[in-house]
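Heads up, the thing below is written out as structure tokens.
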Amino acid sequence: MGPVSAKSYAGHALVQSRTRPAERAKLEIDYGRRAKGYIFGAFCPATGEAFTHPYPGRGAHWVDFLEHAETWIPRTTKRVYAIMENLSSHRTTDVLLFLVAHPRWEMVFQPKYAAYLNLIEPWWKILRSLALAGRRFETWDEIVDAIRRSTIYWNAHRHPFVWAQRRRHRPRRSPGVALLPRAA
């Protein structure tokens with residue numbers, strides 16, 4: 001999901017007195033990046049099931065995430081196609097050793113500048129809206145907890161994820177003035 005940070009923003013308060021006009025309260029400035037980490041995720045479009053795991057960094061933790069995803073995927077699955085972007089951490093020697101140890105896995109690298117081809121990208125947008133939108137986090141642990149609870153909520157209400165399918169609650173738009181009259 002990319003780097004997610006716990007932030008706080010410097011605020012100011014007005015202090016009023018009967019004898020003096022309003023003046024700004026003296027606050028220590030806090031530009032706030034307290035903690036930063038990465039959320040790695042796996043997604044199965046056929047069932048809509050998702051798996052997320054937080055890490056403090058990106059590079060060294062990728063193979064550990066693949067090991068966690070291996071235990072999450074049912075043993076009955078014969079082939080696992082991991083669609084991912086072209087990060088250098090996805091092509092390290094440790095990843096190649098993981099692929100040798102787990103022959104059912106196949107890495108499929110998407111073309112550069114084509115994130116729309118990866119079905120997890122729209123799901124990340126949904127997860128961000130469930131977990132992070134409109135909220136303020138003071139610590140990395142609060143972010144991890146919000147992501148965990150949102151993933152549990154998503155999996156409880158999951159559905160197959162179909163690429164480019166219109167949502168059920170939004171009616172199809174009529175073409176407008178270009179609509180041809182119907183023949184009787």
Side-chain angles (χ1 to χ4, degrees), residues 1-7 33-135 137-165 167:
M1 184 162 78
V4 183
S5 300
K7 299 177 188 174
R33 290 199 176 248
R34 286 178 173 65
K36 180 173 125 180
Y38 291 84
I39 305 293
F40 292 172
F43 182 67
C44 180
T47 62
E49 190 174 6
F51 171 72
T52 57
H53 200 280
Y55 288 98
R58 183 168 45 188
H61 302 285
W62 177 241
V63 175
D64 185 59
F65 172 73
L66 291 175
E67 292 288 349
H68 280 91
E70 171 67 20
T71 61
W72 172 70
I73 297 170
R75 288 273 173 221
T76 57
T77 304
K78 295 191 186 322
R79 295 293 296 163
V80 177
Y81 296 100
I83 302 169
M84 59 190 72
E85 62 275 346
N86 289 297
L87 287 175
S88 60
S89 61
H90 293 166
R91 298 173 180 266
T92 63
T93 306
D94 292 341
V95 175
L96 293 174
L97 291 173
F98 172 84
L99 292 175
V100 169
H102 302 89
R104 71 179 182 155
W105 282 72
E106 184 175 336
M107 302 294 181
V108 179
F109 293 97
Q110 65 190 24
K112 292 182 180 180
Y113 307 107
Y116 59 90
L117 293 175
N118 196 344
L119 279 177
I120 200 169
E121 296 299 334
W123 184 80
W124 282 127
K125 183 178 177 183
I126 293 169
L127 182 68
R128 278 189 189 100
S129 69
L130 286 173
L132 306 176
R135 298 183 61 195
F137 301 96
E138 292 291 328
T139 65
W140 171 245
D141 292 332
E142 291 177 8
I143 294 173
V144 168
D145 186 52
I147 295 289
R148 183 188 55 78
R149 286 188 286 121
S150 296
T151 304
I152 290 170
Y153 174 82
W154 171 266
N155 285 331
H157 299 90
R158 72 176 184 255
H159 53 80
F161 212 79
V162 181
W163 196 22
Q165 180 183 5
R167 289 185 243 167

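Computed from a predicted model, the values in this text were never measured in an experiment.
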(request) List the atom of Trp105, the atom of Ala69, and the distance in Å for their closest heavy-atom pair. (result) CH2-CB, 4.0 Å
(request) Work out which heavy atom in Asn155 is nearest to a heavy atom in Gly48; give both atom names and the distance. (result) OD1-O, 4.2 Å
(message) Please report the interatomic distance CD1(Ile126) to CD1(Ile120), rounded to the nearest 0.5 Å.
(response) 11.0 Å
(request) Could you name each residue pair satisfying salt bridge (Lys or Arg N to Asp or Glu O under 4.0 Å) that touches residues 109-127, not counting sequence neighbours? (result) none
(message) I want to check a possible cation-pi pair here: Arg135 against Phe137, using under 6.0 Å from ring centre and within 45° of the ring axis as the test.
(response) no
(message) Please find the pair of heavy atoms, one from Trp72 and one from Ala42, that lie closest to each other, and give the distance.
(response) CZ3-CB, 3.7 Å
(message) Determine whether Met107 and Leu66 satisfy the following criterion, side chain to side chain contact (heavy atoms under 4.5 Å, CB included), listing intermediate values before the conclusion.
(response) CA-CA 11 Å; Met107 302 294 181; Leu66 291 175; 3.9 Å; yes
(message) Can you tell me how far apart CG (Asp64) and CG (Asp94) are? Round to the nearest 0.5 Å.
(response) 11.0 Å
(message) Within this structure, what is the CG-OG1 distance for the pair Leu97 and Thr92, rounded to the nearest 0.5 Å?
(response) 8.5 Å
(message) As an exercise, state the distance from OG1 of Thr151 to CG of Leu130, rounded to the nearest 0.5 Å.
(response) 8.5 Å
(request) Keeping the roles fixed (side chain from Arg79, backbone from Glu106), state whether a donor-acceptor pair exists under 3.5 Å. (result) no
(request) Please list, chain by chain and in numerical order, all residues satisfying salt bridge (charged side-chain N to carboxylate O under 4.0 Å, His left out) with Arg158, sequence neighbours excluded. (result) none
(message) As an exercise, state the distance from CD1 of Ile147 to CD1 of Ile152, rounded to the nearest 0.5 Å.
(response) 12.0 Å
(message) What's the separation between atom CZ in Phe109 and atom CE in Met84, rounded to the nearest 0.5 Å?
(response) 5.5 Å
(request) Could you walk me through whether Phe65 and His61 pass the ring pair (Phe, Tyr, Trp, His ring centres under 6.0 Å) test, one step at a time? (result) CA-CA 6 Å; Phe65 172 73; His61 302 285; over 10 Å; no
(request) Give the minimum heavy-atom separation between Asp145 and Arg148, together with the two atoms involved. (result) OD1-NH2, 2.5 Å
(request) Decide yes or no for His90 and Val95: does some side-chain heavy atom of the first lie under 4.5 Å from some side-chain heavy atom of the second? (result) no
(request) Please report the shortest heavy-atom distance between Pro54 and Ile39, naming the atom on each side. (result) CB-CD1, 3.8 Å
(request) Considering non-hydrogen atoms only, spot the tightest contact between Lys78 and Arg104 and give its length. (result) O-CB, 3.1 Å
(message) Within the 4.5 Å heavy-atom criterion, are His159 and Trp154 side-chain neighbours or not?
(response) yes
(request) Measure up the His68 and Tyr55 rings against each other and bin them: parallel (under 30°), tilted (30 to 60°), perpendicular (over 60°). (result) perpendicular
(request) Please confirm whether the backbone N or O of Arg91 pairs with a side-chain atom of Trp62, one donor and one acceptor, at under 3.5 Å? (result) no
